[in-house]
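The structure appears below as structure tokens.
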Protein chains: 2
Amino acid sequence: MDLDRIDRQLLQALQHDARLTVAELAERVALSASPCWRRIKRLEDAGLIQAYQARLSSEALGYGVTAFVSVMVGSHSQDAARAFEARVTEIPEVIACHNVSGRYDFLLEVVAPDLNTFGEFARNTLQTLPGVKELYSSFSLKALKTERHLPIP
Amino acid sequence: MDLDRIDRQLLQALQHDARLTVAELAERVALSASPCWRRIKRLEDAGLIQAYQARLSSEALGYGVTAFVSVMVGSHSQDAARAFEARVTEIPEVIACHNVSGRYDFLLEVVAPDLNTFGEFARNTLQTLPGVKELYSSFSLKALKTERHLPIP
DNA sequence: GGTGAAAGCGAGGACCA
DNA sequence: TGGTCCTCGCTTTCACC
């Protein structure tokens, strides 16, 4: 899908604040409300805007620990990976999961109230997932940038 | 801040869809609009809801590559890390950055249009950041879970 | 903490250039 | 594409329980 300057401005604005009203957005991009609204709809329908979500504070929710867990699955058979994927994505504490290249097979982002709880979680839940051969956990000491705003081309 | 069952329901709902109207939320939690609105305001003011943001599709925006880059900074002096942090957070392609424990010092999430562009970016931008001693890049082969919804306690 | 009402405004559509 | 109007329903803030 082709994006002109106005589309990019809209995406940029909505990425920072999904609560902006069409009227506010329209003013910002120097358009009237209707065409502005239509553009946003178009961006949504095209899948460029995937969702509007509230970003919550993990600290305020009591998650003192954010960990990045690298996982190596035993055999590199399709089945082992498939089973692991199905199970790991269902775990609420695993807030993000990627199949990655390199020494490990998966990279997980995990939240936990404290190190103790995380330790138990790693031992009782992660370690017991199908095919898991090795875990390497790295803890976030300081979150420097977490808004995850994509650069608009 | 203490959260009761209704607060948690509201957070859960808004985390999935920030566009839900107060009226819809009120119905869902079996409350009338007014107190529901006050609760949401309270959650916002308490910092539990940090922002409302549109989640954009990196693929649709032309970012075919998502990489996780582990960075080791040379001396573990305060200054080197400080300088690195200041610079790295300003780079748009770096959509997330954590100071982490373990063998490496920082973990970055980076987007790029393709591997070629990423390679140049790593060489020309990341490698030249202050104090950088070693980079290890791991590429996302498949994003299995990216909504990053926090579990509500 | 909860309800209900009232004012004002935005969403979303019909229609025109 | 962009603009103008129109209407319905929602948000937001009251006063009050």
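A note on names: the letters A, B, ... follow the listed sequences, proteins ahead of strands, and every chain is numbered from 1.
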Q) What is the bend of the helix from dG1(C)-dC17(D) to dA17(C)-dT1(D) when you compare the axis at one end with the axis at the other, using five pairs each and rounding to 10°? A) 30°
Considering only residues two or more places apart or on different chains, which pairs with a residue in [range] satisfy salt bridge (Lys or Arg N to Asp or Glu O under 4.0 Å)?
range: residues 125-135 of chain B; value: R103(B)-E134(B)
range: residues 43-54 of chain A; value: K41(A)-E44(A)
range: residues 13-35 of chain A; value: none

Q: May I have all residue pairs that pass side chain to side chain donor-acceptor pair (under 3.5 Å) and include part of residues 82-93 of chain B, sequence neighbours excluded?
A: K142(A)-E85(B), Q78(B)-R82(B)
Q.
Listing request: all side chain to side chain donor-acceptor pair (under 3.5 Å) pairs with a residue in residues 29-40 of chain B, at least two apart in sequence or in separate chains.
A. D4(B)-R39(B), D7(B)-R39(B)
(Q) Going by the rule side-chain hydrogen bond (donor to acceptor under 3.5 Å, both in side chains), which residues pair with Q15(B) if we only count those two or more places apart in sequence or in a different chain? (A) none
**Q.** All side-chain hydrogen bond (donor to acceptor under 3.5 Å, both in side chains) counterparts of Y63(A), not counting sequence neighbours
**A.** none
Q: Please find the earliest and latest nucleotides of DNA chain D, in the 5' to 3' direction, that have an atom within less than 4.0 Å of any heavy atom of chain B.
A: dC10(D) to dC14(D)
(Q) Under the rule for ring pair (Phe, Tyr, Trp, His ring centres under 6.0 Å), what residues qualify as partners of F84(B), not counting sequence neighbours? (A) F106(B)
Q. How does protein reach along nucleotides 8-17 of chain C, written 5' to 3' as B (base within reach of a heavy atom under 4.0 Å), S (only sugar-phosphate), or - (no contact)?
A. --SSSBBB--
Q: Could you tell me whether the phosphate oxygens of dT3(C), OP1 or OP2, come under 4.0 Å of any side-chain nitrogen or oxygen in S32(B)?
A: yes
(Q) Expected output is a numbered-order residue list: members of residues 3-12 of chain B with a heavy atom under 4.0 Å from any atom of DNA chain D. What is it? (A) none
